[in-house]
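Worksheet for the structure shown next.
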Amino acid sequence: MSDTPLDSFSQLQLAEPLSRAVADMGYTAMTPIQAQAIPVVLQGRDVMGAAQTGTGKTAAFSLPLLQRMLKHENASTSPARHPVRALVLLPTRELADQVAQAVKSYAKHTNLRSAVVFGGMDMKPQTLELKKGVEILVATPGRLLDHIEAKNAVLNQVEYVVLDEADRMLDIGFLPDLQRILSYLPKQRTTLLFSATFSPEIKRLASSYLQDPVTIEVARSNATASTVEQHFYSVNADDKRRALHQVLKSRGMKQAFVFVNSKLGCARLARSLEKEGLKTTALHGDKSQDERLKALESFKKGEVDLLVCTDVAARGLDIKDVPAVFNFDVPFNAEDYVHRIGRTGRAGASGLAVSFVAGSDARLVADIEKLIKTKIELEAMEFEEDIPKIREQGRINDGRRAWGGDDPRDVLDTPRPAPRPQRHSAPRDPFFDQPYQAPAATEAPTWEASAKHATVRGISANIKPKRKVAALFKAVAPAVTA
DNA sequence: AAAAAAC
């Protein structure tokens, strides 16, 4: 190989059917991960590849694999005319679907066949395709094991394995299935791991699955794209929905991902945002696969503006031109923050990532700060509808609690009165079923009340417009962790 | 604290 780095696909001298496919897609220049990974994979080496979200990892492994499969005919004397030679594993069904489509388009001028199998869909059509024979199989782990055990998929000829979102595939929830799948594969093979995030522990674990790997790290692993503008607003849990409305309006944003930590919370939020007049759909793992694919499709087509979702949508989904990502809840894992906000600002586009931070999220925000090695400034959210009121009363403090935390009684462990039993059948969840209504001016909390709240936890009642996470954490942590 | 992945 020459010492000058390659930067265009034409320099790779890919087989004609592949360079034609690349040209069809309008690609000319390679991204850094592609420029570095493709030549290494072409040499047949194992790879652990880390690159920021949205920088073309799929092409970085698909193209050289296809190239090698074209150049090196399967020499085995297997009775199967089309044994599975390459296996690509992914942690979610939607992602498997997406990667399968990409592989298909790169392979469209070749004779290589590909198929995708994932759960939630009828086994039969997948079985038929597998029986016809495919060289490239894209799959999620559970359904693949079903097919292996039903002898629909025979993997003893596999030459290449790709674990996309590798750190997720190696985490505790997936590892048992993954190990079982790998036990069906030949020991002698090429293994490729790709992700935007690799923790040191995962790197160590990963290396036990690789033979003499080449580590490729484009930018720092765990880095967020520099084109994404990130904000963290300290918002009372009850104010998150109107904060969402306000940011969308003030930034003139139309489409956005809205991430929520639980499936139930996801369904509820989607429902109330819909009632509040936003075109919304929900994507989470309690929906049928049919509904999941439909939700994603309608978001892609722009039929809905908001995709309210759980972390099922955090990784890999490549939807063009989504301008914003909201973390309605701060994610439990800092890695997921990197992946979530990676849904915007893809392929060099600009993007906005807004996270709503409640008081009990201080630790999570500190974790994110550490992972992305970036100082996070917590910002106060000023609501437009409150500004006249604030002026009129001649105060800057609008009476909201100094940190957007849970009820202070929770923190202080004060017993609360039991909720009144409902006499009549009430809506299942009054809070989420009601559209947000601005409180009447007379109901505005007094300054005294706010000062009392604030002194209770030792934070100045005068909210500074920007506060550091560290300060917040220091103030809140003892009470929360106690 | 949850989600994801098989029926």
Side-chain angles (χ1 to χ4, degrees), chain A residues 87-99 116-124 126-127 130 138-153 163-182 184 195 197 202 237 257-270 282-289 291-293 295-296 307-317 327-340 343 357-368 405-406 410-411 476-477 480-482:
Chain A
L87 179 64
V88 183
L89 294 173
L90 300 123
T92 69
R93 298 165 179 177
E94 286 75 14
L95 206 43
D97 196 26
Q98 173 184 298
V99 168
V116 59
V117 299
F118 52 79
M121 306 281 272
D122 203 349
M123 286 280 280
K124 276 187 218 127
Q126 298 177 358
T127 304
L130 291 172
V138 181
T140 50
R143 178 54 67 90
L144 177 61
L145 279 168
D146 269 3
H147 282 298
I148 293 172
E149 277 151 22
K151 309 270 188 227
N152 300 333
L163 303 187
D164 202 358
E165 307 298 340
D167 59 328
R168 170 61 83 245
M169 301 304 289
L170 291 166
D171 90 8
I172 198 70
F174 277 103
L175 198 55
D177 278 359
L178 182 68
Q179 282 172 330
R180 265 177 70 209
I181 291 168
L182 294 179
Y184 289 97
S195 185
T197 52
I202 290 289
F257 282 88
V258 180
F259 283 97
V260 176
N261 282 352
S262 76
K263 291 182 278 193
L264 189 61
C266 175
R268 285 174 170 170
L269 178 63
L283 175 58
H284 58 75
D286 275 350
K287 287 193 148 196
S288 72
Q289 193 53 36
E291 290 173 308
R292 282 169 60 164
L293 292 170
L296 198 56
L307 185 69
V308 180
C309 50
T310 60
D311 281 322
V312 69
R315 286 168 174 261
L317 292 183
N327 289 310
F328 199 82
D329 298 330
V330 180
F332 291 130
N333 296 122
E335 278 86 5
D336 289 332
Y337 175 81
V338 173
H339 289 279
R340 284 180 178 188
R343 295 318 102 220
V357 181
S360 50
D361 297 333
R363 155 109 297 163
L364 303 177
V365 175
D367 287 346
I368 293 168
D406 303 326
D410 291 332
V411 179
V476 170
V480 175
T481 52

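In what follows, every chain begins at residue 1, and chains take the letters A, B, ... in the order their sequences are listed.
- Atom NE2 of A:His284 is separated from atom C1' of B:dA5 by 16 Å (rounded to the nearest Å).
- In the set B:dA2, B:dA4, B:dA6, the nucleotide with an atom closest to the side chain of A:Asp146 is B:dA6.
- Taking atom CD of A:Gln289 as the reference point, atom P of B:dA5 lies 7 Å away to the nearest angstrom.
- Looking at the side chain of A:Lys263, the nearest of the listed nucleotides B:dA6, B:dA2, B:dA4 is B:dA4.
- One finds a side-chain N or O of A:Arg292 lying less than 4.0 angstrom from the OP1 or OP2 phosphate oxygen of B:dA5.
- The distance from atom CG of A:Asn261 to atom C1' of B:dA3 is 9 Å, rounded to the nearest whole Å.
- In this structure, A:Lys287 atom NZ and B:dA3 atom C1' are separated by 16 Å, rounded to whole Å.
- With rounding to whole Å, A:Phe259 atom CZ is found 13 Å from B:dA4 atom C1'.
- The side chain of A:Phe118 approaches B:dA6 more closely than any other nucleotide in the set B:dA6, B:dA3, B:dA4.
- Between the CG atom of A:Leu264 and the P atom of B:dA1 there is a distance of 17 Å, rounded to whole Å.
- Minimum atom distance to the side chain of A:Ser262 is reached by B:dA3, of the listed B:dA5, B:dA6, B:dA3.
- Taking 4.0 Å as the cut-off between side-chain N and carboxylate O, A:Arg168 and A:Asp336 count as a salt-bridged pair.
- Contact of the A:Leu182 side chain with the A:Leu178 side chain is registered, since non-hydrogen atoms from C-beta on lie closer than 4.5 Å.
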Requested in this report: Please assess A:Met123 against A:His147 for the test side chain to side chain contact (heavy atoms under 4.5 Å, CB included), listing each intermediate value before the final yes or no.
Outcome: CA-CA 8 Å; A:Met123 286 280 280; A:His147 282 298; 3.7 Å; yes
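- Taking 4.5 Å as the limit, every side-chain heavy atom of A:Leu89 sits out of range of all side-chain heavy atoms of A:Val138.
- Rounding to whole angstrom units, CG of residue A:Asn333 and P of B:dA2 are separated by 12 Å.
- The distance between atom CG of A:Leu89 and atom P of B:dA4, rounded to the nearest whole Å, is 19 Å.
- The side chain of A:Arg93 places an N or O atom within less than 4.0 Å of a non-bridging phosphate oxygen (OP1 or OP2) of B:dA5.
- Listed pair A:Thr310 / B:dA2 fails the phosphate criterion, with no side-chain N or O lying under 4.0 Å from OP1 or OP2.
- In this structure, A:Thr310 and A:Phe259 have side chains that are not in contact, with every pair of non-hydrogen atoms separated by 4.5 Å or more.
- Heavy atoms of A:Leu364 sit under 4.0 angstrom from at least one base atom.
- Within the nucleic acid shown, A:Gly173 comes within 4.0 Å of at least one base atom, counting heavy atoms only.
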